[in-house]
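The block underneath contains the structure these notes are about, expressed in structure tokens.
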2 protein chains.
Amino acid sequence: MSDLLQRLRARGWRLTAQRRVIAEVLDGEHVHFTADEVHARAVERLPEISRASVYNTLGELVALGEVLEVTTDGRAKRYDPNAHHPHQHLVCSGCGTMRDVRLTDDPLAALPEEERFGFAVSQVNVTYYGRCPDCVAAS
Amino acid sequence: MSDLLQRLRARGWRLTAQRRVIAEVLDGEHVHFTADEVHARAVERLPEISRASVYNTLGELVALGEVLEVTTDGRAKRYDPNAHHPHQHLVCSGCGTMRDVRLTDDPLAALPEEERFGFAVSQVNVTYYGRCPDCVAAS
DNA sequence: ATCCTATATTGGACTTTGTCCAAGTCAAGA
DNA sequence: TCTTGACTTGGACAAAGTCCAATATAGGAT
């Protein structure tokens with residue numbers, strides 16, 4: 001993630017304070033923040049940053065393929081900066097925490113041609129649900 | 001779906017006009033309505049039915065396992081009465097319509113033990129995305 | 001058949017999540 | 001340092017869904 005700003009500049013992005021702060025917030029392993037969580041953390045470093053800029057920037061990062069958008073239940077979308085290593089998610093149905101996981105097979109291959117109904121299938125989302133060790137112990 | 005009302009009565013449900021109409025709307029193959037779509041169709045038969053009752057009833061049907069709740073990216077939840085035949089979904093990224101699809105392999109098997117991190121994994125959701133024939137033709 | 005009451009329904013206020021826009025600001029090339 | 005088009009801002013707006021107090025009713029009891 002540290003060279004994200006380099007890549008963005010190479011694509012003609014203006015490097016504003018807001019974008020830098022948002023990139024910093026998204027830096028790290030196993031980060032799965034909602035837009036509001038990103039905004040809350042960004043505000044700590046740049047108090048005047050607006051919600052609109054967070055939404056704009058996250059949307060642009062998703063469009064560029066630098067960040068993945070993950071929707072689990074009907075709640076807020078989460079943003080996953082680990083976009084360059086294909087992976088899926090394992091979500092705790094108790095507390096909602098999320099882990100990145102890797103599958104043995106490409107899930108696109110599990111959808112046979114006769115089940116595609118003429119769609120140009122381009123993407124697949126696989127999400128596993130279960131109780132995490134903490135939630136199992138607590139019950 | 002026709003014996004749904006029987007099962008619900010066996011579970012102590014009151015059979016109100018509202019619940020009957022909602023069950024009728026959900027009857028059929030490949031039905032994937034949003035709550036608002038269910039409401040719009042229910043109103044045709046029972047003009048005074050409220051949005052709150054639709055949300056209440058759908059939530060109860062989901063809790064009973066009679067209907068599945070499907071959340072796709074950023075859109076309204078959809079309700080799938082085909083709860084007794086395991087299947088996955090194929091969603092058009094253009095218009096949001098949805099098809100039931102069946103996979104060749106059980107996706108639970110694709111998550112190896114060392115990627116489960118001690119979770120008691122119980123469920124998996126697989127959703128494919130692509131443009132449907134209509135949306136491909138229109139672009 | 002009528003009454004009774006727990007359960008269901010209703011409309012509207014409210015919340016959450018996200019989008020849109022006109023006006024002001026600023027990064028970076030000239 | 002100047003200029004300009006891209007970026008940011010706050011606030012209004014919208015969609016989806018929840019919550020609640022008041023009202024209505026299904027279905028068992030009488």
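Here is the naming used below: chain letters follow the sequence lines, and residue numbers restart at 1 for every chain.
- For the residue pair A/D100 / A/H85, no side-chain donor-acceptor distance below 3.5 Å is found, with atom types taken as modelled.
- In this structure, CZ of A/R75 is placed 16 Å from P of C/dT15, rounded to the nearest angstrom.
- Summarising the geometry, the separation between CD1 on A/I22 and P on D/dC7 is reported as 13 Å, rounded to the nearest angstrom.
- Phosphate proximity of C/dT10 to B/S53: present, with a side-chain N or O under 4.0 Å from OP1 or OP2.
- Put simply, the side chain of B/R51 and the base of D/dG17 share a donor and an acceptor less than 3.5 Å apart.
- Ring geometry for A/H30 against A/H32 counts as tilted: the plane angle lies between 30° and 60°, on a 0 to 90° scale.
- Between atom OH of residue B/Y129 and atom CE of residue B/M98 there is a gap of 7.5 Å, rounded to the nearest 0.5 Å.
- Taking only side-chain nitrogens and oxygens, B/Y55 never comes nearer than 4.0 Å to OP1 or OP2 of D/dT18.
- One cannot find a donor-acceptor pair under 3.5 Å joining the base of C/dA8 and the side-chain atoms of B/R19.
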Exercise. Would A/E60 and A/R11 count as a salt bridge (charged side-chain N to carboxylate O under 4.0 Å, His left out) if you check the C-alpha gap in whole Å, the side-chain angles of each, and the deciding distance to 0.1 Å?
Worked result: CA-CA 12 Å; A/E60 289 155 358; A/R11 301 209 212 196; over 6 Å; no
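- Looking at which nucleotide of DNA chain C each of A/L15 and B/G12 is closest to, the 5′-most match is held by B/G12.
- For the pair B/R41 and B/F33, the cation-pi criterion (under 6.0 Å, within 45° of the ring axis) is fulfilled.
- Close to C/dT10, at under 4.0 Å from its OP1 or OP2, lies a side-chain N or O of B/Q18.
- Atom CD in B/E48 sits roughly 10 Å away from atom C1' in C/dT9 (whole-Å rounding).
- Distance B/F33 CZ to D/dA16 C1': 18 Å, rounded to the nearest Å.
- Between the side chain of B/R9 and the base of D/dG27, no donor-acceptor pair of N or O atoms lies under 3.5 Å.
- Contact of A/R14 with D/dA6 (side chain to base): a donor-acceptor pair of N or O atoms is detected under 3.5 Å.
- As rounded to whole Å, 14 Å separates atom C1' of C/dT17 from atom NE2 of A/H39.
- Toward the 5′ end of DNA chain D lies the nearest nucleotide of B/Y79, the other residue of the pair B/Y79 and B/R20 mapping further downstream.
- Rounded to whole angstrom, the span from the CG atom of A/L5 across to the C1' atom of C/dA27 amounts to 14 Å.
- The nearest heavy atom of DNA chain D to A/V54 and to B/N56 marks one nucleotide each, and the one closer to the 5' end goes with A/V54.
- Atom pair A/D36:CG and C/dG18:P shows a separation of 8 Å (rounding to whole Å applied).
- Going from atom CG of A/L46 over to atom C1' of D/dT9 covers 12 Å, rounded to whole Å.
- Regarding contacts with the backbone of D/dT8, a side-chain N or O of A/T16 is found under 4.0 angstrom from either OP1 or OP2.
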